[in-house]
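Presented below is the structure to which this report refers.
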2 protein chains.
Amino acid sequence: MNSEPGRGDAFDPDCPTRVVLDRIGDKWTVLVIRSLEDGSLRFSELRARIGGVAPKVLTQTLRAMERDGLLTRTVHAQVPPRVDYELTALGASLTAPIATLTDWAETHLSRILAARESYDSAS
Amino acid sequence: MNSEPGRGDAFDPDCPTRVVLDRIGDKWTVLVIRSLEDGSLRFSELRARIGGVAPKVLTQTLRAMERDGLLTRTVHAQVPPRVDYELTALGASLTAPIATLTDWAETHLSRILAARESYDSAS
DNA sequence: CGGCATCCAACTGGATACTG
DNA sequence: CAGTATCCAGTTGGATGCCG
């Protein structure tokens, strides 16, 4: 994959880690996944559930995830229009690693915050 | 933490998930952690190991990680100067969740890439 | 309702040059 | 050697308004 196999190849845009990290690091992707864990939602429901996200940005996030095969977008031909978003098996399988990360975060947050405080006060 | 406990609270900057995600999603943090897994390195070694990172950016990354208690920065009073960076126990404990993510990435990359191709050709 | 188009402000990452 | 200072380009996230 790179001149240093097995090592830091994440500046290669096609590196698996980079691809996933770019998506995970996105501000809204993780929120969308967690919101869809219990089943499909329509656009406005997602928007309300997540809160504070502009429609354009939510659309961007959703399209990127759809492109990566993490969720499906179903347009119902009716008036008013209705569009449902649902995790694919691939998208659902991402909940596991995310949960690992979340658990770590919750467990160690106090330590991080404490480190920050002591670092800031030492400056 | 939020009006919807247990749910999407990641737009709160102090949310544990958000704090960790911001760091993980950073372009270089994961590379630094992986580079330091086998022991401490000095600034120039890190730079060479990672490749393609500007000094300023590497410094920023390192400082942010030091602030969060993920690594220690040790200045040796000698000429020429020498500064060693080493993971703390906290930083080292992050390698586990990262490995989970990396494993997922490597396992599912082909599927993601395939999804992208079919999505792009359908447009 | 579910967007797309437009415009925009802020932040991020980076190239380059210089210093204790 | 290990940064700092400066400047800069690209991207991200967002506000607003219009449309099928």
Side-chain angles (χ1 to χ4, degrees), chain A residues 8 10-13 15 17-19 21-32 35-36 40-68 71-86 119 123, chain B residues 8 10-13 15 18-19 21-32 35-36 40-68 71-86 119 122-123:
Chain A
F11 51 93
D12 172 3
C15 165
T17 306
R18 185 76 274 140
V19 169
L21 251 32
D22 283 348
R23 197 85 22 245
I24 294 292
D26 178 79
K27 194 171 179 186
W28 304 107
T29 302
V30 172
L31 275 294
V32 169
S35 298
L36 291 177
S40 75
L41 290 177
R42 49 198 299 193
F43 189 83
S44 50
E45 289 170 332
L46 265 175
R47 221 187 132 183
R49 184 84 76 116
I50 292 175
V53 60
K56 191 198 74 171
V57 177
L58 183 55
T59 299
Q60 281 175 355
T61 305
L62 258 10
R63 287 294 141 82
M65 295 175 69
E66 186 194 3
R67 187 170 105 100
D68 284 357
L71 52 76
T72 57
R73 177 173 176 272
T74 310
V75 181
H76 300 278
Q78 48 181 239
V79 180
R82 174 196 180 98
V83 179
D84 284 317
Y85 292 92
E86 185 171 18
Y119 182 95
S123 67
Chain B
F11 51 93
D12 173 3
C15 165
R18 187 76 271 140
V19 169
L21 250 31
D22 283 347
R23 198 85 22 246
I24 295 292
D26 179 79
K27 194 170 177 183
W28 304 107
T29 302
V30 171
L31 276 292
V32 170
S35 298
L36 291 177
S40 74
L41 291 176
R42 48 197 302 191
F43 189 84
S44 49
E45 289 170 331
L46 265 175
R47 221 187 132 183
R49 183 84 76 117
I50 292 177
V53 59
K56 192 197 73 172
V57 176
L58 183 56
T59 301
Q60 281 175 354
T61 305
L62 257 11
R63 289 291 143 81
M65 293 175 70
E66 186 194 3
R67 187 170 103 100
D68 284 357
L71 52 77
T72 58
R73 177 173 176 272
T74 310
V75 181
H76 300 278
Q78 49 181 240
V79 179
R82 174 196 180 98
V83 180
D84 284 316
Y85 293 91
E86 185 172 20
Y119 182 95
S123 66

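Lettering of chains follows the sequences in order, A, B, ..., and the numbering in each one begins at 1. Quick note: numbers below take in every heavy atom, side chains included, and nothing from hydrogens, waters or symmetry partners.
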Would you mind telling me which of [options] lies closest to the side-chain atoms of [X]?
X	options	value
W28(B)	dG13(C), dC1(D), dG3(D)	dG13(C)
T59(A)	dG3(C), dG14(D), dG3(D)	dG3(C)
K56(A)	dA15(D), dG3(D), dG3(C)	dA15(D)
R63(A)	dC4(C), dA15(D), dG3(D)	dC4(C)
P81(A)	dA15(D), dG2(C), dG3(C)	dG2(C)

Test applied, side-chain contact (heavy atoms from CB on, under 4.5 Å); reference residue, M65(B); option that passes from D26(B), T72(B), T29(B): T29(B)

S44(B) vs dA2(D): side-chain N/O to OP1/OP2 distance below 4.0 Å: yes

Quickly work out the [X] [atom1] to [N] [atom2] distance and round it to whole Å.
X	N	atom1	atom2	answer
D22(A)	dT12(D)	CG	P	9 Å
L31(A)	dG13(D)	CG	C1'	14 Å
R47(A)	dC1(C)	CZ	P	10 Å
K27(B)	dT11(D)	NZ	C1'	11 Å
D26(A)	dT11(D)	CG	P	15 Å
L46(B)	dC1(D)	CG	C1'	14 Å
L58(A)	dA15(D)	CG	P	13 Å
R82(B)	dA2(D)	CZ	P	8 Å

Distance (rounded to the nearest 0.5 Å) between D68(A) CG and R63(A) CZ: 13.5 Å

Sugar-phosphate, base or nothing in reach of V83(A), heavy atoms under 4.0 Å: sugar-phosphate

Touch class at under 4.0 angstrom, heavy-atom based, for R42(B) against every strand present: sugar-phosphate

R18(B) side chain vs K27(A) backbone, donor-acceptor pair below 3.5 Å: yes

Comparing P55(B) and R73(A) on DNA chain C - which has the more 5′ nearest nucleotide: R73(A)

Student check: side-chain heavy atoms of L71(B) and V32(B) closer than 4.5 Å: yes

Side chains of D84(B) and R42(B) in contact at under 4.5 Å (non-hydrogen atoms): yes

